[in-house]
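Beneath this line is the structure, given in C-alpha cells, with notes to follow.
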Amino acid sequence: MAVQINPSILSADFARLADEARAVKGADWLHVDVMDNHFVPNLTLGVPVVESLSRATDTPLDCHLMIEDPDRWAPQYVEAGAGSVTFHAEAAAAPVRLAREIRAKGARASMALRPATPIEPYEDLLPELDMLLIMTVEPGFGGQAFLDIMLPKIRRTRELIDRHGLQLWLQVDGGVSERTIERCAEAGADVFVAGSAVYGSQDPAAAVRSLRAQAERATATAARPCAH
Ligand SMILES: O=C(CO)[C@H](O)[C@H](O)COP(=O)(O)O
Ligand SMILES: [Fe+2]
C-alpha cells in the first residue's frame, strides 16, 4: 500500500480552518481530532465543524474520535461528511457493531488503541476494520514527544495484518515528524498523521512532501530482501 500523509488540524489555526485545510494540498486525508473533554482532558470540535470542513475542502476527512460513547456519536460523523471514522477501542461498547454501522453508512471504519492498550485481544476483530490506529502519544494534545516504546506494537500489528492477509491500513498518530517517521515506516505503518510537523512548518505543503519522501524511502528499504 502506498504511503499516506494525513496532516492533523489540531495544530492548525482554528479561526482559519478552511484556509488551513487548503494549505496542505497533496495530503491524502485531513486528520480531524474530535475531543470531548471526558475521554481526553481537552475539547476541540464536533459534528457542525466537520460538516463545514467537508464542504470547504476536497481532501477527504479522517475523523479521530477521542470521545466517550462513540457507539452513539460516530455515525453522525459519517453523515457530516467524514470519509473515515476512527473510534477508540477503550470507549466503544460494541466495536464490531459500530464498525459495521460506519461501513454501512459509506465510510471507512477504523479503531484506535491508546499506548497502554494491547493489540492481541482485538486480533479476531481486524477483518471488520479498514484501518487500525496505534497512538504513539497519550491522546489529548498535539506537540507531544513520540513514544518509541510503541514501535514493537506497530511491528506486531503489521505481522498480524500480513499473517491474516488483510488489507487494512496501519496508522500512527502522535509525535510523527522528520525525526520519527522513518522508524514508524520501517516498523510497518503506512498511514502517518502529523500535526505540529506540518502546521508548525513555514510551508505545510512542502512538509507533507518531505514526510512522504522519507516514509517512502524507509518503506522501500524495509521491504528490500537482504542481498547476502
Ligand atoms: O490525536 C492526536 C492527539 O491526541 C493528534 O492527532 C496528534 O497528537 C497530532 O499532533 P502531533 O503530530 O503534533 O503529535
Ligand atoms: Fe489524532
Side-chain angles (χ1 to χ4, degrees), residues 3-14 17 20-21 23-24 27-46 49-50 53 59-68 70 73-74 77 82-92 107-117 130-151 153-154 169-185 189-202 204-205 207-208 210-212 214-215:
V3 157
Q4 300 187 57
I5 306 292
N6 301 4
S8 165
I9 54 157
L10 185 60
S11 301
D13 179 350
F14 273 29
L17 273 187
E20 296 278 67
V24 289
D28 296 281
W29 296 76
L30 200 62
H31 184 84
V32 181
D33 288 304
V34 176
M35 305 186 188
D36 66 352
N37 214 15
H38 291 275
F39 183 72
V40 289
N42 198 1
L43 186 66
T44 53
L45 50 86
V49 176
V50 170
L53 256 182
T59 309
L61 304 183
D62 160 30
C63 283
H64 175 194
L65 305 183
M66 284 160 277
I67 60 173
E68 286 182 357
W73 298 108
Y77 286 88
S84 173
V85 176
T86 300
F87 57 86
H88 265 264
E90 306 84 2
R108 295 179 62 88
S110 163
M111 190 174 77
L113 305 178
R114 296 183 85 125
T117 305
D130 297 299
M131 183 168 80
L132 189 91
L133 163 54
I134 294 185
M135 290 302 299
T136 43
V137 297
E138 284 296 344
F141 300 92
Q144 301 181 76
F146 177 78
L147 293 172
D148 53 9
I149 54 167
M150 289 298 106
L151 289 167
K153 182 156 99 179
I154 299 169
W169 300 345
L170 180 52
Q171 184 178 64
V172 285
D173 180 13
V176 175
S177 71
E178 60 184 17
R179 287 177 303 286
T180 58
I181 196 165
E182 290 178 357
R183 279 179 281 158
C184 294
D190 49 18
V191 184
F192 305 87
V193 176
S196 41
V198 169
Y199 282 107
S201 151
Q202 296 281 16
V208 169
S210 141
L211 287 167
R212 187 191 304 286
Q214 268 189 293

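Counting convention: from 1, in listed order, for ligands and their atoms alike.
- Contacts between Ala194 and ligand 1 below 4.0 angstrom, taking non-hydrogen atoms only, involve the backbone exclusively.
- Atom 9 (C) of ligand 1 has its nearest heavy-atom neighbour, among Asp173, Leu10, Thr180, in Asp173.
- Residues Val49 and Val32 form no side-chain contact, since every pair of their non-hydrogen atoms from C-beta on lies 4.5 Å or further apart.
- Rounding to the nearest 0.5 angstrom, the gap separating the CE atom in Met66 from the CG atom in Asp173 is 6.5 Å.
- Across Val85 and Ala74, no two heavy atoms sit closer than the pair CG1-CB, 3.9 Å.
- For ligand 1, the atoms sitting less than 4.0 Å from at least one non-hydrogen atom of Asp33 are 1 (O), 2 (C), 5 (C), 6 (O), numbered in the order shown with element in parentheses.
- Using a 4.0 Å cut-off to heavy atoms of Ser196, the atoms of ligand 1 that qualify are 11 (P), 12 (O), 13 (O).
- Taking the ring axis of Trp169 as reference, the NZ or CZ atom of Arg108 stays within 45° of it and closer than 6.0 Å to the ring centre.
- In summary, the atoms of ligand 1 found under 4.0 Å from a heavy atom of Gly140, numbered by their order in the structure, are 3 (C), 4 (O).
- Where the criterion is an N or O separation shorter than 3.5 Å, residue side chain and backbone included, Gly195 meets it with respect to ligand 1.
- For the pair Met35 and ligand 1, the shortest N or O to N or O distance does not fall below 3.5 Å.
- Counting only N and O atoms by type, the side chains of Ser8 and Asp33 include a donor and acceptor under 3.5 Å apart.
- Checked by atom type and distance alone, the side chain of Glu90 pairs as donor or acceptor with a backbone atom of Arg114 at under 3.5 Å.
- The nearest heavy-atom contact from the protein to atom 8 (O) of ligand 1 is Phe141 O, 3.3 Å.
- Distances shorter than 2.8 Å separate the Fe ion (ligand 2) from the protein N/O/S atoms His31 NE2, Asp33 OD1, His64 ND1, Asp173 OD2.
- For Asp28 (side chain) and Asn6 (main-chain N/O), no donor-acceptor pair under 3.5 Å exists by modelled atom type.
- Between Leu151 and Ile154, the closest side-chain pair of non-hydrogen atoms falls below 4.5 Å.
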TODO: Decide side chain to side chain contact (heavy atoms under 4.5 Å, CB included) for His88 and Thr117; before the verdict, give the C-alpha distance in whole Å, the side-chain angles of both, and the deciding distance to 0.1 Å.
DONE: CA-CA 10 Å; His88 265 264; Thr117 305; over 6 Å; no
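- Atoms of ligand 1 found under 4.0 Å from any heavy atom of His31, numbered from 1 in the order shown, are 6 (O).
- Looking at Ile5 and Val24, their side chains never come closer than 4.5 Å, going by heavy atoms from C-beta outward.
- In this structure, the side chains of Pro7 and Val208 come closer than 4.5 Å at one or more pairs of heavy atoms.
- The shortest non-hydrogen separation linking Ala215 to Ala185 is O-CB, 3.8 Å.
- With ligand atoms numbered from 1 in the order given, ligand 1 contributes 8 (O), 10 (O), 13 (O) to contacts under 4.0 Å with heavy atoms of Gly142.
- Distances between N or O atoms of His64 and those of ligand 1 include at least one value under 3.5 Å.
- For the side chain to side chain contact (heavy atoms under 4.5 Å, CB included) test with His31, the passing option among Val191, Thr86, Asp62, Leu10 is Asp62; the others fail.
- Residue, atom and distance of the protein heavy atom nearest to atom 14 (O) of ligand 1 are Gly175 N, 2.9 Å.
- Close approach of ligand 1 to Gly174 is summarised as follows: ligand atoms under 4.0 Å from at least one heavy atom of the residue are 14 (O).
- Atoms of ligand 1 lying under 4.0 Å from at least one heavy atom of Gly143, given by number and element, are 11 (P), 13 (O), 14 (O).
- Each of the following atoms of ligand 1 lies closer than 4.0 Å to a heavy atom of Pro139: 4 (O).
- Ligand 1 is never approached by Ala197 to a heavy-atom distance shorter than 4.0 Å.
- Looking at heavy atoms from C-beta onward, Tyr77 lies in side-chain contact with Val34 at the 4.5 angstrom threshold.
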